[in-house]
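Quick notes on the structure that follows.
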Amino acid sequence: MLIALEVHRVDGLRTTALRARKRCTPSMTVIICRWVTGKSLVSAPPSSVYLTTMIPLDTRLLFPLERQALLELLWSLDSADWAKPTVCPGWAVQDVTAHILNDYLRRISGSRDRHNGAVFDDGETLPAYLARVNGEFVRAMRQTSPHLLIDLLAHLGPQLDLVWAATDLTGPAHLHVSWAGPGASPAWLDIARDYTEFWVHQQQIRDAVSHAGADEVSLLRPVLVTFLHALPVTLRDRIRPRGTAVQVDITGPAGGRWTVVSDGSGWDLTDADADEPAASVRMDQDTLWRLATRGITVDQARQRSELRGDRELTESATTLLAVVA
């Protein structure tokens, strides 16, 4: 039973929250989202309000920092570097860079200009659609020089920053974050999802050219926290009694401890400690983000992790996926 309407400030983000008796701790925030129907955003009817506990983040000020690191990296590359293969099948460094540009263009066009973009083919799934339109753009941009790609990123990046600055973080997302659960997503999670995408693609380029960087705590920790919002969906088929907890320890400078708690029918993410977790997963920060984006396999992630307790829960937790695939 919902008993109070409160306003919380978490990590600098003011967000309206409902606290439920015997369900929420002070560290949890329950977000009221709006419902997404087709291509329009409308307020949710009472029967459709989507409630979930989340850890709100404001990543907007990180985009210029991540982009500056990317541009400095790209300017340092020679012609051979641009042709080196990446972890993305069939894509070289230049292709991944073009894909980042595509993300900029698509976001500005959709969120600022309300342009619908490419349409789905008949019967096409979201993963198939994204693979098709992303591939079409990347192939077309192979006619573009690396210099021009850098110029376009530098020109469009600040325009994308303005889109984020004008966004109400507690309002509805322009694009639903499907891997974080059914129903609508809050805008802050939509923006954080895009931040993780840009950061991960930069790391894929860095891996390809053996040039580490952009992994400071301030840039990496928001990536980890955002990806952990996929855990409730990851565990959705593992029904456990209310209060059952899975503890997740991420080692490394950007790591920390988080807990996923069962409400009897689903799971909620919190940064509170669990007194007696039914299961625990411990992995380093590099393993988490690579697992979440399938830069490594589930088996590889498990080999790099310490898993204890309820085996079904640890096995499910280590299938974490925070991309559309």
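Listed here is the closest heavy atom pair of Trp289 and Asp207: CH2-OD2, 4.4 Å. For Ala208 against Pro85, the heavy-atom pair with the smallest separation is CB-O, 3.4 Å. Of all heavy-atom pairs between His176 and Ala184, the closest is ND1-C, 4.0 Å. Scanning both residues, Ser305 and Thr287, for their nearest heavy atoms gives OG-CG2, 4.3 Å. Nearest heavy atom pair, residue Leu224 against residue Ala254, reads CD1-O, 3.4 Å. Scanning both residues, Gly213 and Gln203, for their nearest heavy atoms gives O-NE2, 3.0 Å.
Of the possible donor and acceptor atoms, none in the side chain of Arg242 sits under 3.5 Å from a partner among the backbone N and O of Ser262. Checking side-chain atoms of Glu136 against main-chain N and O of Ala131 turns up no donor-acceptor pair under 3.5 Å. Side chain of Tyr129 to main chain of Ala118: a donor-acceptor pair is present (N/O by atom type, distance under 3.5 Å, no hydrogens or angles). A donor-acceptor pair under 3.5 Å is absent between the side-chain atoms of Thr59 and the main chain of Leu62, judged by distance alone. A side-chain donor-acceptor contact under 3.5 Å links Thr86 to the backbone of Trp91. Side chain of Thr314 to backbone of Arg311: a donor-acceptor contact under 3.5 angstrom is found. Judged by distance alone, with hydrogens and angles left aside, the side-chain atoms of Asp249 form no donor-acceptor pair with the main-chain N or O of Thr251 at under 3.5 Å. Between the side chain of Gln204 and the main chain of Val96, no donor-acceptor pair closer than 3.5 Å is present. Formation of a donor-acceptor pair under 3.5 Å by the Arg302 side chain with backbone atoms of Glu315 is found in this model.
Side-chain contact check for Met141 versus Gln94: every heavy-atom pair is 4.5 Å or farther apart. Using a 4.5 Å cut-off on side-chain heavy atoms (C-beta onward), Pro277 and Arg308 make no contact. For the pair Tyr104 and Leu152, the minimum side-chain heavy-atom distance is 4.5 Å or more. Residues Phe227 and Thr196 meet the side-chain proximity criterion, which asks for heavy atoms closer than 4.5 Å. Here the side chains of Gln285 and Pro253 are in contact, with some heavy-atom distance below 4.5 Å. No side-chain heavy atom of His211 sits under 4.5 Å from any side-chain heavy atom of Asp81. Looking at Leu291 and Arg304, their side chains never come closer than 4.5 Å, going by heavy atoms from C-beta outward. In this structure, Leu313 and Val260 have side chains that are not in contact, with every pair of non-hydrogen atoms separated by 4.5 Å or more.
A distance of 11.0 Å separates CG of Asp95 from NE2 of His99, quoted to the nearest 0.5 Å. Distance CG/Asp58 to OG1/Thr167: 10.5 Å, rounded to 0.5 Å. Atom-to-atom distance recorded for Thr259:OG1 and Asp268:CG is 11.5 Å, nearest 0.5 angstrom. Interatomic distance, CD of Gln68 versus CG of Leu73, reported as 11.5 Å (0.5 Å rounding). Note that the NE2 atom of His229 and the CG atom of Leu320 stand 12.0 Å from one another [nearest 0.5 Å]. The CH2 atom of Trp179 sits 9.5 Å away from atom OG1 of Thr234, with the distance rounded to the nearest 0.5 Å.
Under the 4.5 Å side-chain heavy-atom criterion for ILVMFWY residues, a single connected hydrophobic cluster contains both Ile205 and Trp75. A chain of hydrophobic side-chain contacts below 4.5 Å, direct or via other Ile, Leu, Val, Met, Phe, Trp or Tyr residues, connects Phe137 to Ile150. Note on Leu148 and Val138: same hydrophobic cluster, where clusters join Ile, Leu, Val, Met, Phe, Trp and Tyr whose side-chain heavy atoms are under 4.5 Å apart, directly or indirectly. The cluster map of Ile, Leu, Val, Met, Phe, Trp and Tyr, joined by side-chain heavy atoms under 4.5 Å apart, puts Trp267 and Leu269 in the same cluster. By the criterion of side-chain heavy atoms lying less than 4.5 angstrom apart, applied directly or through intervening Ile, Leu, Val, Met, Phe, Trp or Tyr residues, Leu156 is not grouped with Val133; the two fall into different hydrophobic clusters.
Between Arg132 and Asp121, at least one side-chain nitrogen of the basic residue sits less than 4.0 Å from a carboxylate oxygen of the acidic one, meeting the salt-bridge criterion. Salt bridge annotation for Arg238-Asp310: absent, with no cationic side-chain nitrogen under 4.0 angstrom from a carboxylate oxygen. Electrostatic pairing of Arg107 and Asp103 does not count as a salt bridge here, judged by no charged N lying under 4.0 Å from a carboxylate O.
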Practice task
Kindly indicate, with the supporting measurements, whether the criterion side chain to side chain contact (heavy atoms under 4.5 Å, CB included) is fulfilled by Thr226 and Tyr195.
Solution key: CA-CA 9 Å; Thr226 302; Tyr195 171 72; 5.9 Å; no
Practice task
Applying side chain to side chain contact (heavy atoms under 4.5 Å, CB included), run through Leu219 and Asp215 and close with a yes or a no.
Solution key: CA-CA 6 Å; Leu219 295 180; Asp215 54 359; over 6 Å; no
Handout entry: Full working for side chain to side chain contact (heavy atoms under 4.5 Å, CB included) between Ile100 and Leu70
Key = CA-CA 10 Å; Ile100 297 172; Leu70 172 66; 4.1 Å; yes
Practice task
Please assess Ile250 against Met283 for the test side chain to side chain contact (heavy atoms under 4.5 Å, CB included), listing each intermediate value before the final yes or no.
Solution key: CA-CA 5 Å; Ile250 306 302; Met283 64 178 64; 3.8 Å; yes
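Only one option out of Asp194, Leu153, Leu105, Ile108 pairs with Leu160 in a side-chain contact (heavy atoms from CB on, under 4.5 Å); it is Ile108.
The closest side-chain donor-acceptor pair between His174 and Arg114 falls under 3.5 angstrom.
The number of heavy-atom neighbours closer than 6.0 Å to CZ of Arg142, taken from other residues, nucleotides and ligands shown, is above 12. More than 12 heavy atoms of other residues, nucleotides or ligands shown are found within 6.0 angstrom of CZ on Arg112.
Between Phe63 and Phe198, the angle of the ring planes goes over 60°, which puts this pair in the perpendicular group of the 30/60° scheme.
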